[in-house]
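Below: the structure, in structure tokens.
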Number of protein chains: 2
Amino acid sequence: MAPYETNSESHNAILAGLSVASVKRLSLLPVELVVNYPIYEASQPFDAVYFPESGLLSIVSTLESGKSIEVGTLGREGVSPSQLLLGARSSPFRCFVQVAGSGFRTSIERFSEAVGEDSRLRENVLKYENSFRIQCMQGIACNALHTVEQRCCRWLLMTHDRVGADDLKLSHEFLAMMLGVRRASVTEVLLPLQELELLRSVRGTISILKRKQLEERVCECYWLIKNCESLN
Amino acid sequence: MAPYETNSESHNAILAGLSVASVKRLSLLPVELVVNYPIYEASQPFDAVYFPESGLLSIVSTLESGKSIEVGTLGREGVSPSQLLLGARSSPFRCFVQVAGSGFRTSIERFSEAVGEDSRLRENVLKYENSFRIQCMQGIACNALHTVEQRCCRWLLMTHDRVGADDLKLSHEFLAMMLGVRRASVTEVLLPLQELELLRSVRGTISILKRKQLEERVCECYWLIKNCESLN
DNA sequence: ATCCGTCTGTCCGCTTCCGTACATAAGCTC
DNA sequence: GAGCTTATGTACGGAAGCGGACAGACGGAT
């Protein structure tokens with residue numbers, strides 16, 4: 001495929017507002033984001049920059065016990081690793097593709113250069129950093145104070161927002177890892193929701209059926225994060 | 001007091017490496033940071049920028065239930081509100097002085113100007129943003145997976161590091177709010193530690209007695225965050 | 001010295017969630 | 001379609017922490 005040269009069609013929020021020249025400078029290459037593809041590994045130097053247009057990336061922390069838990073997530077609203085702009089060259093966490101999609105890639109060098117020269121791009125990334133920061137901070141509160149059901153709804157709704165499709169390819173096992181709970185807890189939480197036909201969950205696929213009613217069960221954290229995203 | 005003009009004596013990590021001219025440009029005024037003094041209120045425009053040299057600031061999220069929980073903390077390693085550099089002009093959270101100390105203050109305008117002109121200052125703030133970001137992300141994992149005892153030890157050790165004094169003026173009630181748990185849970189966690197003489201807790205003051213042994217009880221999150229701070 | 005507000009220790013029943021285990025079911029391979 | 005692997009449903013005892021309450025203790029104010 002030819003490098004991406006115009007911005008007219010980009011669904012990535014950071015690229016969306018840029019001039020054609022700005023986008024050109026980034027030498028973007030289209031990439032398929034296939035499930036489990038690693039964006040960066042914990043403590044390894046970053047080696048490329050990704051702008052998702054669809055799909056979802058997860059950032060996870062792995063503890064000594066071997067348990068992993070999601071500590072951040074991003075889709076077409078962001079870029080990864082955005083902390084390049086903060087001077088970071090690696091992260092203690094791992095980032096990988098969680099829901100398949102596509103997007104663009106460029107090198108660390110191109111990105112760093114472009115960010116230095118293009119104030120619009122820099123501002124977009126910084127603003128995105130700010131929403132990410134808020135998302136993390138509210139996540140701290142959420143994990144301490146809300147039930148598994150609430151957090152599970154939040155996760156599903158946030159993912160639904162970003163993926164744009166009603167069918168999410170994920171197992172209970174996987175969702176449990178994201179939330180930092182038992183696999184059985186996820187099953188137990190999803191069953192009643194399935195009874196009520198708010199969603200359907202069959203062998204690796206969770207389908208969102210009645211979003212409105214899921215929204216009634218989600219904790220306020222979902223709305224706070226959503227509002228802060230739209231402000232920026 | 002006269003405005004602060006040299007950097008030789010600053011204990012604030014962001015100011016520490018700056019040239020005299022850079023510091024001058026910030027027009028810093030010395031401030032006492034008295035307990036409960038608000039740095040910014042939730043959803044209100046920021047009105048000044050603070051560089052702590054001692055003491056501790058807390059950022060808290062208040063939920064609909066009325067419960068509050070700490071979602072971030074900073075001391076002399078940082079500046080608040082650092083997210084100015086990310087384009088934010090307010091925050092959904094509240095920030096206030098939790099442990100008394102002192103530092104410097106400047107206006108939003110001076111800070112923004114200085115950050116635009118002085119790349120060293122900007123880099124310092126961005127690097128600080130990155131450690132703060134890591135602190136938040138690991139906090140998500142910690143709150144989901146670790147016990148109240150572990151989190152309590154982490155909080156005490158982090159505070160001890162920043163405050164530099166063994167006596168911390170805080171009630172169980174207050175610490176409970178920070179951790180997002182019941183007051184009684186804090187009492188229950190501190191009692192055995194007091195039995196072992198790792199600390200002493202009397203009426204509004206917690207004294208760290210045997211740091212080393214508290215370190216044995218803290219979760220890995222403490223070390224991860226600490227390492228990432230020193231890398232930057 | 002007394003009063004009063006705050007802080008701490010303690011308790012009880014309850015909920016949530018954990019660790020673990022096992023059984024069934026659904027899809028994949030041969 | 002037999003056999004395997006993976007996903008889901010279910011169960012049980014137990015731990016952690018909650019909500020709420022109460023009593024004693026401390027210290028500042030009068």
Side-chain angles (χ1 to χ4, degrees), chain A residues 35-36 63-69 98 140-156 167-207 217 219, chain B residues 35-36 63-69 98 140-156 167-207 217 219:
Chain A
V35 177
N36 283 322
L63 303 183
E64 286 161 4
S65 66
K67 283 185 204 162
S68 290
I69 180 172
Q98 184 183 102
I140 292 177
C142 191
N143 280 359
L145 299 173
H146 294 141
T147 63
V148 174
E149 185 185 81
Q150 289 173 310
R151 292 197 280 139
C152 189
C153 289
R154 176 162 82 91
W155 199 93
L156 289 173
D167 290 352
L168 307 174
K169 290 242 157 68
L170 25 101
S171 64
H172 295 185
E173 184 79 52
F174 189 79
L175 185 44
M177 200 189 79
M178 294 297 106
L179 298 173
V181 302
R182 285 179 320 153
R183 194 270 314 162
S185 295
V186 170
T187 305
E188 284 160 8
V189 157
L190 292 184
L191 276 178
L193 298 177
Q194 200 165 357
E195 283 304 313
L196 296 167
E197 301 196 305
L198 306 191
L199 51 78
R200 189 167 31 224
S201 155
V202 270
R203 220 185 153 69
T205 305
I206 297 177
S207 309
R217 295 176 169 253
C219 54
Chain B
V35 177
N36 282 322
L63 303 183
E64 286 161 3
S65 66
K67 283 185 205 164
S68 291
I69 180 171
Q98 185 183 102
I140 292 178
C142 192
N143 279 0
L145 298 174
H146 293 142
T147 62
V148 173
E149 185 186 79
Q150 290 173 308
R151 292 197 280 140
C152 189
C153 288
R154 175 160 84 92
W155 198 94
L156 290 173
D167 291 352
L168 308 174
K169 290 242 159 70
L170 26 102
S171 64
H172 295 186
E173 185 79 51
F174 189 78
L175 185 43
M177 199 190 79
M178 293 298 106
L179 297 173
V181 301
R182 283 179 321 152
R183 193 269 314 159
S185 295
V186 170
T187 305
E188 284 159 9
V189 156
L190 291 184
L191 276 177
L193 298 178
Q194 201 164 358
E195 284 304 314
L196 296 169
E197 302 197 304
L198 306 192
L199 52 77
R200 189 166 34 222
S201 155
V202 270
R203 223 188 152 69
T205 304
I206 296 177
S207 309
R217 295 177 167 252
C219 53

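Note: hydrogens, waters and symmetry copies are ignored here, and every other heavy atom, side chains too, is used. All chains are named by letter (A, B, ...) in the order of the sequence lines, taking the proteins before the strands, and each is independently numbered beginning at 1.
- Among B:Asp167, B:Val186, B:Leu190, the one residue that satisfies the side-chain contact (heavy atoms from CB on, under 4.5 Å) test with B:Ile206 is B:Leu190.
- Both A:Ala144 and A:Thr187 lie close to DNA chain D; mapped to their nearest nucleotides by heavy-atom distance, the more 5′-ward contact belongs to A:Thr187.
- The distance between atom NE2 of B:His172 and atom P of D:dA25, rounded to the nearest whole Å, is 16 Å.
- Heavy-atom distances to DNA chain C give each of A:Glu149 and B:Leu190 a nearest nucleotide, and the one nearer the 5′ end belongs to B:Leu190.
- The side chain of B:Lys67 places no N or O atom within less than 4.0 Å of a non-bridging phosphate oxygen (OP1 or OP2) of D:dC18.
- Look at NE2 on B:His146: it is 14 Å from P on C:dC18, rounded to the nearest Å.
- The base of D:dC26 is paired with the side chain of B:Arg203 by a donor and an acceptor separated by under 3.5 Å.
- Here the P atom of nucleotide D:dG17 and the CG atom of B:Leu145 are 12 Å apart, to the nearest Å.
- Note on A:Lys169: every side-chain N or O is 4.0 Å or more away from OP1 and OP2 of D:dA7.
- Contact of B:Arg182 with D:dG19 (side chain to base): a donor-acceptor pair of N or O atoms is detected under 3.5 Å.
- If you find the closest nucleotide of DNA chain D to A:Glu188 and to A:Gly204, the one lying nearer the 5' end belongs to A:Gly204.
- Residues B:Val189 and B:Thr147 fail the side-chain proximity criterion, which asks for heavy atoms closer than 4.5 Å.
- Rounded to whole angstrom, the span from the CD atom of B:Glu173 across to the C1' atom of D:dG20 amounts to 13 Å.
- With rounding to whole Å, B:Leu191 atom CG is found 14 Å from D:dG24 atom C1'.
- Of all the heavy atoms in A:Gln98 and A:Leu170, the pair that sits closest is OE1-CD2, 4.5 Å.
- The base of D:dG9 sits within donor-acceptor range of the side chain of A:Arg183, with an N or O pair under 3.5 Å.
- Here the P atom of nucleotide C:dT8 and the CZ atom of B:Phe174 are 13 Å apart, to the nearest Å.
- At a threshold of 4.5 Å between non-hydrogen side-chain atoms, the residues A:Arg217 and A:Leu196 count as touching.
- A 4.5 Å side-chain heavy-atom check between B:Cys153 and B:Leu193 finds at least one atom pair inside the cut-off.
- If you take CZ of B:Arg200 and P of C:dG9, they are 13 Å apart, rounded to a whole angstrom.
- Rounded to an integer number of Å, the gap from A:Asn143 CG to C:dT16 P is 18 Å.
- Regarding contacts with the backbone of D:dC18, a side-chain N or O of B:Ser185 is found under 4.0 angstrom from either OP1 or OP2.
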